[in-house]
Amino acid sequence: MLEFKYDRIHARIFENKNIGSEYVSELIRSEIDQNNLNSEPTVLGLATGSSPILIYDILVQFHRNNRLSFSNVFTFNLDEYYPIEPDDQNSYHYYMAEHLFNHVDIDSSHIHIPDGTLNRNEIESYCESYEEKIAESGGIDLQLLGVGSNAHIGFNEPGSGIESKTRLVQLDQKTREDAANKFGGLEYTPGYAITMGVETILRSKQIVCIAWGSSKAFAISQLFEDKISREYPITYLKKHSNVQLIMDQKAASLIDPIFYKTENTPTYNP
Ligand code: GLP
């Protein structure tokens with residue numbers, strides 16, 4: 001593993017996504033464990049997509065081996081397609097139940113995922129209440145974050161502002177194309193989503209951003225450019241003081257080695 005700091009971002013490049021996922025699961029386990037020991041709740045911000053699947057698998061294993069209880073864990077998911085029914089196999093409700101919630105001892109009243117079934121005129125107040133619930137919970141302790149191939153975070157597509165909050169968004173053509181296979185074609189892929197905003201994400205106390213595979217390499221490389229830009233929402237992470245960026249070698253392949261080949265920064269742990 002190669003570890004280095006860039007700006008305020010703490011980056012780690014793992015040999016492959018399996019080892020990276022083990023690292024992230026341990027991080028989440030220790031956050032929950034620590035809070036459980038102190039009888040404190042843990043508030044997690046959760047991501048979907050293919051990237052976190054192995055992390056959820058490992059967390060389920062921890063639970064099965066009696067090493068981890070989710071009874072005092074509260075969760076807020078980043079996003080959900082709109083419109084979509086929760087029992088649709090492509091919904092993030094379905095995904096979270098399949099990959100995590102059905103297999104651990106979390107109280108269903110602790111789970112929050114944006115609702116893809118609302119009428120249009122209900123969405124605005126719903127989104128405000130989503131923000132309020134996060135605030136009432138004490139704020140997100142650890143936000144797990146993936147990245148889209150177009151550098152989106154959550155469903156904050158290129159053009160999203162740093163002050164954006166939970167809202168209805170139109171999905172980018174690239175995002176819909178990336179999802180089209182799952183939905184059985186572009187014409188069946190939702191055009192909208194409800195997502196936490198950039199500001200919502202940046203209010204988390206800690207952010208753990210994961211990226212596996214060469215399709216993420218370009219998006220990741222934008223983090224290592226000088227500027228913060230609306231074009232590449234992932235670059236907003238540079239505004240946060242506690243971000244871990246966890247990559248495999250392929251996702252890191254377009255980072256200029258100058259960032260980790262200086263005398264002060266590299267730490268090699270074979
Ligand atoms: C979707 C999700 C994002 C996720 C992204 C990457 O767009 N809304 O939160 O980060 O997909 O997905 P994957 O992990 O499948 O590459």
Side-chain angles (χ1 to χ4, degrees), residues 14 16-18 20-21 24-25 44-58 75-84 86 88-96 98-100 112-116 127 130 140 142-160 164 166-183 186 189-198 200-202 204 207-223 232-237 243-248 250-253:
F14 288 87
N16 58 53
K17 83 168 182 188
N18 297 3
S21 297
V24 175
S25 329
L44 296 178
L46 295 179
T48 46
S50 57
S51 307
I53 290 178
L54 190 53
I55 295 171
Y56 294 142
D57 282 354
I58 299 171
T75 63
F76 289 89
N77 264 78
L78 279 166
D79 46 21
E80 177 58 288
Y81 289 107
Y82 179 86
I84 204 160
D88 185 316
Q89 296 203 2
N90 289 313
S91 78
Y92 290 158
H93 280 77
Y94 190 92
Y95 171 107
M96 289 308 302
E98 262 314 84
H99 291 290
L100 185 65
H112 306 87
I113 307 175
D115 186 350
C127 290
Y130 202 73
I140 291 169
L142 186 155
Q143 174 68 58
L144 183 61
L145 199 61
V147 54
S149 60
N150 64 355
H152 73 210
I153 50 176
F155 271 133
N156 293 285
E157 299 285 26
S160 299
S164 54
T166 304
R167 67 203 187 288
L168 181 72
V169 291
Q170 187 165 12
L171 295 178
D172 213 50
Q173 178 70 7
K174 179 81 177 84
T175 301
R176 293 184 67 233
E177 283 167 12
D178 285 351
N181 253 351
K182 262 185 13 163
F183 282 93
L186 199 57
T189 308
Y192 296 85
I194 297 177
T195 182
M196 277 186 199
V198 174
T200 326
I201 293 169
L202 293 182
S204 312
I207 296 173
V208 179
C209 181
I210 54 174
W212 323 126
S214 47
S215 67
K216 304 300 169 72
F218 175 75
I220 291 297
S221 70
Q222 294 308 306
L223 254 180
Y232 304 110
I234 192 174
T235 59
Y236 289 128
L237 296 186
V243 176
Q244 290 209 47
L245 175 64
I246 310 297
M247 301 161 277
D248 66 1
K250 288 180 181 159
S253 59

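Counting convention: from 1, in listed order, for ligands and their atoms alike.
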Report task. Side-chain contact test, heavy atoms from C-beta onward, threshold under 4.5 Å: evaluate it for M196 versus I140 and give yes or no. Result -> yes
Ordered by chain then number, the protein residues lying under 4.0 Å from ligand 1 by heavy atom are G49, S50, S51, D79, Y92, G146, V147, H152, G154, F155, K216
**Asked** For the rings on Y95 and Y81, is their centre-to-centre separation under 6.0 Å?
**Response** no
Result for side-chain contact (heavy atoms from CB on, under 4.5 Å) between H99 and one of L54, I53, I55 points to I53
S149 meets the side chain to side chain donor-acceptor pair (under 3.5 Å) criterion, sequence neighbours left out, with K174, D178
Paired with L245, the side-chain contact (heavy atoms from CB on, under 4.5 Å) test is passed by just one of L223, I210, V147, V208, namely L223
For R167 and T200, which I'm curious about, is there any donor-acceptor pair between the side chains at under 3.5 Å? no
